[in-house]
Student: 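Encoded as structure tokens, here's the structure I'll be asking about.
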Amino acid sequence: MVKAYLRFEPAASFGVIASVDSNISYDSSGKHLLSPALEKIGVWNVRQGLCTKTLTPSTASRGPSLAVTSIASSPSSLIAGGYGDGSIRIWDSDKGACETTLNGHKGAVTALRYNKAGSLLASGSKDNDVILWDVVGETGLFRLRGHRDQVTDVVFLNSGKKLVSSSKDKFLRVWDLDTQHCMQIVGGHHSEIWSLDVDLDERYLVTGSADSELHFYVIRDESVDGNSLNGGEESSIQSKWEVLRHFGEIQRQSRDRVATVQFNKSGNLLACQVAGKTVEIYRVLDDAEAKRKAKRRVHRKKEKKHSKETLDGVENGDGNNANKGDNSSVTHVPTETTNPAVTVPDVFKLLHTIRANKKICSISFCPITPKNSLASLALSLNNNLLEFYSIELGETRKTLAIDLQGHRSDVRSVTLSSDNTFLMSTSHNAVKIWNPITGACLRTIDSGYGLCSLILPTNKYGLVGTKDGTIEIIDIGSGTCVEVMEAHGGSVRSIAALPHKNGFVTGSADHDVKFWEYQLKQKPGQATKQLVVSNVSTMKMNDDALVVAISPDAKYIAVALLDSTVKVHFADTFKFFLSLYGHKLPVLCMDISSDGDLIVTGSADKNLKIWGLDFGDCHKSIFAHADSVMAVQFVPKTHYVFSVGKDRLVKYWDADKFELLLTLEGHHADIWCLAVSNRGDFIVTGSHDRSIRRWDRTEEQFFIEEEKEKRLEEMFEADLDNAFENKYASKEEIPEEGAVALAGKQTQETLTATDLIIERLDIAEAEKKRIAEHQEDKNNRNVAVFQSNPLMNGLSPSDYVLSAFSNVHTNDLEQTLLALPFSDALKLLSYLKDWTSYSDKVELVCRVGTLLLQTHYNQLLATPAARPILTVFSDIFYERVKGWKDIFGFNLAAMDHIQQLMASRSDALFHDARSKLLEIRARQSKRLEERSHTGEVKRKKKKT
């Protein structure tokens, strides 16, 4: 009889506030901060400091390659998340649901940017391509090729008509999105460009690289026909293709490379974050202030020159001539200083430098400007921390830090309480108590570098063994460290509880294995009883003790040593019993089964060995992981074993049959520790990626043979995908001016959809023949009841083929139809006429028709059988599309009319119109101030 097992599935992951692979970003409201948390995106309420939502991909698509690598927020509630596998997910932050998935890139997504309207999304990737996506239509428009290295950032210009992309190939490229070509290539950088941004008014574009300066460019204003440049310079652009013109540089304070440059929403501040611990904040002066500063600079330069000339004249003894020369020079000054050339230092002035305690990963300006400050800036640090700063004219101050919901470094040990109600985890400087079901952090206690931990059976106290050789006693209820005991001369590597006794055992790098007893005692001067721990006995070993394990009957103690052996002694007399040798590298973890029959060891040699504890014989040696095995544990009262390793995998084994049952993927870095619940219904793992994950046992059954077949299929599909990419990879030289290609990419889903369409076309054609034959028989009076094909579920041939498109994603339609042979494409065209009668399918019919015509244009022209199909289709196609276009136009005009009526009846203008009016008034008041200022200056000059 074949044995069935119960499946384990990933249930929850917690402990990650901000991962290092992606940027952070505020949403459009400014109330929430979007932070990457490995494969998830956390939505944090900034005021409360709480994570209100988590945007998590579906379980089927999880894996190590699915880390979030880029985040962008649109003007609406939509959020775009780029992932390590090249996919882009569009999330609705209000609903917390994934609206659509866009597949196009073959490498990790490195840059995302919405246009101002939020209707277009540009993405850059490690595959050197830029793709433009239609967010409303949920499809890719086109792919822009030309960069020779990873695309690092993208930004829209001229109301979304142009796109600027930066790359590690040291070039900027300006793309015209209407004509879909590269119209300008900008050089001048000496190293890789990592970031770029443009201010709100599109006056300046700034780039950051590993160069010691920031590069600035002025943008051609098409509304002025290129006759003047922003920034106070008046010169015509020689070429109509020159959108960006070099403006100048500013010397940076830090020597580290630039990671991010970003303007705030109002455009009066520029932040430059380097790949270190600092952020430089620059103030952006408006045109009037910049001109005044330029005038002062020219005036100071003139005065300096004048004083120098005066001194030289006095020294030479001809002061009168000097004065005369000076007077003659004064007469020429007004022509030089009335409109001095504005330089970059006149516009950008260093305001503050923010210094963090750890390396900064990303920054984001809040789109809402606070009342009493210039701006609010969020920082994500590489130690799993978010910080918020208020930027004022005089200073910057930290307003909030989100740090309690995660460890600052690796999770080195996890242990569950006896009733599984809470979990204790340790890291380099803190112990945290968690609710393993909800993932809420209940307590945080400062500690040393905890390497191992244990919760005592009473569930009131915890023990932590540290790297310094101490044992810390943690009061879980109060969340305090009660006592720190000097226990060993070296690091405490392992703690194991003594069954049925008030005691535990510790193993250390000082070659000692110590036995301890604990009891509650009331010390003098204390009101309550405290846990008192005392050393009972010590067993000396020949080498560092890495792991200790106690048999369930407390008869044996097993100690793993640095010499790659495991010594088994009698626990009461310390007499030697067995030596388990066979591992080539030291044993890093081990566990003894509940019945005491088996001991399993995991080693740095990547192997698991299953031993019999009665004679010390090795039952089986299994090559278990692709890297060191870090933790292993039996499920209580069974011979099932869980193991984790540095290869990021959790594996589930049957120790009697020596079979691999399950492989669980999810962690993004080395897994250090493992804890199994008493009932075996869930396990908890801790990792170098700072996440703690819970895996739950489900009611779904599986069989070993099925899992083996599934693993083989996955390997086969992965090999197929790699072979396909290698075979059909473009080998031609990419043209220097840039090229355009299709946005989508062929995936397993698109091939499956193509196969389904071909299959349904064949069934529908066969059914049409049967219907025609039945009609002939009916005319010949051989009437028989027609039996339709049961596979078609009572649908007509036309509707049956149409149903094949119901599961094809909008973004995958292009690649699905590209894989269709010409004969099947011709059949499909013949059905489009029938589908136009469905009002909700007109857009689909248009897309399918245009894609098939573009793909098979030459063959269709050369095929006489296609002409009648195309003739009928063209007539109906134009008529239907024109009808719907008229309806849409009528509806839009009606909505505009309703908006005007509401505006006329209401005292309050629409929000957009009101904000626009306030902007216009602000500009007018600035102009009046400038005029009055210049008038005062002229009057003063006249008086003097």
Student: Is there a donor in the side chain of T444 and an acceptor in the side chain of K432, or the other way round, less than 3.5 Å apart?
Tutor: yes
Student: Working to the nearest 0.5 angstrom, can you tell me the gap between H619 NE2 and I610 CD1?
Tutor: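 H619 NE2 to I610 CD1: 9.0 Å, rounded to 0.5 Å.
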Student: For S508, run the side-chain hydrogen bond (donor to acceptor under 3.5 Å, both in side chains) check against T506, D510, D512 and tell me which one passes.
Tutor: D510
Student: Say you draw a straight line from CG of L662 to CG of L6; how long is it, rounded to the nearest 0.5 Å?
Tutor: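 L662 atom CG to L6 atom CG measures 10.0 Å (nearest 0.5 Å).
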Student: Under 3.5 Å, is there a donor-acceptor pair between the T470 and D468 side chains?
Tutor: no
Student: Can you give me the closest heavy-atom contact between I557 and A571, atom names plus distance?
Tutor: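 Answer, listing the atom of I557 first, then A571: CG2-CA, 4.1 Å.
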Student: Less than 6.0 Å separating the ring centroids of F642 and F8?
Tutor: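 Centroid distance F642-F8: below 6.0 Å, so yes.
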Student: Less than 4.0 angstrom from a charged side-chain N to a carboxylate O is my criterion; do D681 and R679 meet it?
Tutor: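 Result for this pair is yes, salt bridge flagged.
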Student: Take S22 and T69 through the test side-chain hydrogen bond (donor to acceptor under 3.5 Å, both in side chains) and record every step on the way to the result.
Tutor: CA-CA 4 Å; S22 172; T69 53; over 6 Å; no
Student: Would you say S603's side chain and K606's backbone share a donor-acceptor pair under 3.5 angstrom?
Tutor: no
Student: Do D595 and S593 pair up side chain to side chain, a donor and an acceptor below 3.5 Å, judged on atom types alone?
Tutor: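 The criterion, which ignores hydrogens and geometry beyond distance, is satisfied for S593 and D595.
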Student: So, taking the atom named CG in L608 and the one named CD1 in I622, what distance separates them when rounded to the nearest 0.5 Å?
Tutor: 6.0 Å
Student: In terms of side-chain heavy atoms, does S534 have a donor or acceptor partner in W516 at a distance below 3.5 Å?
Tutor: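 The criterion, which ignores hydrogens and geometry beyond distance, is not satisfied for W516 and S534.
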Student: Of the non-hydrogen atoms in I599 and L580, which two are nearest, and what is the gap between them?
Tutor: CG2-CD1, 3.9 Å
Student: Can you see which heavy atom on G81 is nearest to which on W91, and at what distance?
Tutor: N-CD1, 4.4 Å
Student: Is the shortest heavy-atom distance from the side chain of D670 to the side chain of M630 under 4.5 Å?
Tutor: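 Sidechains of M630 and D670: no contact.
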Student: Any chance the side chains of H428 and S409 put a donor and an acceptor closer than 3.5 Å?
Tutor: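 Yes.
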Student: Is there a donor-acceptor contact under 3.5 Å linking the side chains of W44 and T52?
Tutor: no
Student: Among side-chain atoms of W672 and S687, is any donor-acceptor pair under 3.5 angstrom?
Tutor: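 The criterion, which ignores hydrogens and geometry beyond distance, is not satisfied for S687 and W672.
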Student: Taking E517 first and then K501, would you say they form a salt bridge - that is, a charged N and a carboxylate O separated by under 4.0 Å?
Tutor: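 Judged by the 4.0 Å cut-off on N to carboxylate O distance, E517 and K501 do not form a salt bridge.
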Student: Strictly by modelled atom types, are K609 and S621 linked by a side-chain donor-acceptor pair under 3.5 Å?
Tutor: yes
Student: For a side-chain hydrogen bond (donor to acceptor under 3.5 Å, both in side chains) check, start with the C-alpha distance between H639 and D654, then their side-chain angles and the critical distance, and finish with the verdict.
Tutor: CA-CA 6 Å; H639 282 181; D654 187 332; over 6 Å; no
Student: On the six-membered ring of Y83, is R89 placed so that its NZ or CZ lies under 6.0 angstrom from the centre and within 45° of the ring axis?
Tutor: yes
Student: Classify the side-chain pair K584/S564 by whether it contains a donor and acceptor separated by less than 3.5 Å.
Tutor: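 Distance-only check fails for K584 and S564.
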Student: Under 3.5 Å, is there a donor on one side chain and an acceptor on the other for S93 and H32?
Tutor: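 No pair is found: no donor N or O on one side chain lies under 3.5 Å from an acceptor on the other.
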Student: Is the Y652 to Y5 ring centre distance short of 6.0 Å?
Tutor: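 Aromatic pair excluded; centres sit 6.0 Å or further apart.
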Student: As an exercise, state the distance from CG of L379 to CG of L386, rounded to the nearest 0.5 Å.
Tutor: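 L379 atom CG to L386 atom CG measures 9.0 Å (nearest 0.5 Å).
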Student: Check whether the side chains of S478 and T480 place a donor and an acceptor atom closer than 3.5 Å, and report yes or no.
Tutor: yes
Student: Output yes when E665 and K651 qualify as a salt bridge under the 4.0 Å nitrogen-oxygen rule, no when they do not.
Tutor: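 K651 and E665: not salt-bridged.
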Student: Testing E706, E707, E699 for salt bridge (Lys or Arg N to Asp or Glu O under 4.0 Å) with R7, which one passes?
Tutor: E707
Student: For the ring pair F422 and W434, is the centre-to-centre distance below 6.0 Å?
Tutor: no
Student: Please step through side-chain hydrogen bond (donor to acceptor under 3.5 Å, both in side chains) for the pair S418 and N459, ending with a clear verdict.
Tutor: CA-CA 7 Å; S418 58; N459 296 334; 2.9 Å; yes
Student: Quick one about S453 and S413 (side-chain donor to acceptor, distance below 3.5 Å, no hydrogens or angles considered), yes or no?
Tutor: yes
Student: In Å and rounded to the nearest 0.5 Å, what is the OG to CG distance from S677 to D696?
Tutor: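 Between S677 OG and D696 CG, I get 9.0 Å after rounding to 0.5 Å.
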Student: Please check: side-chain N/O of D647 versus main-chain N/O of A626, any donor-acceptor pairing under 3.5 Å?
Tutor: yes
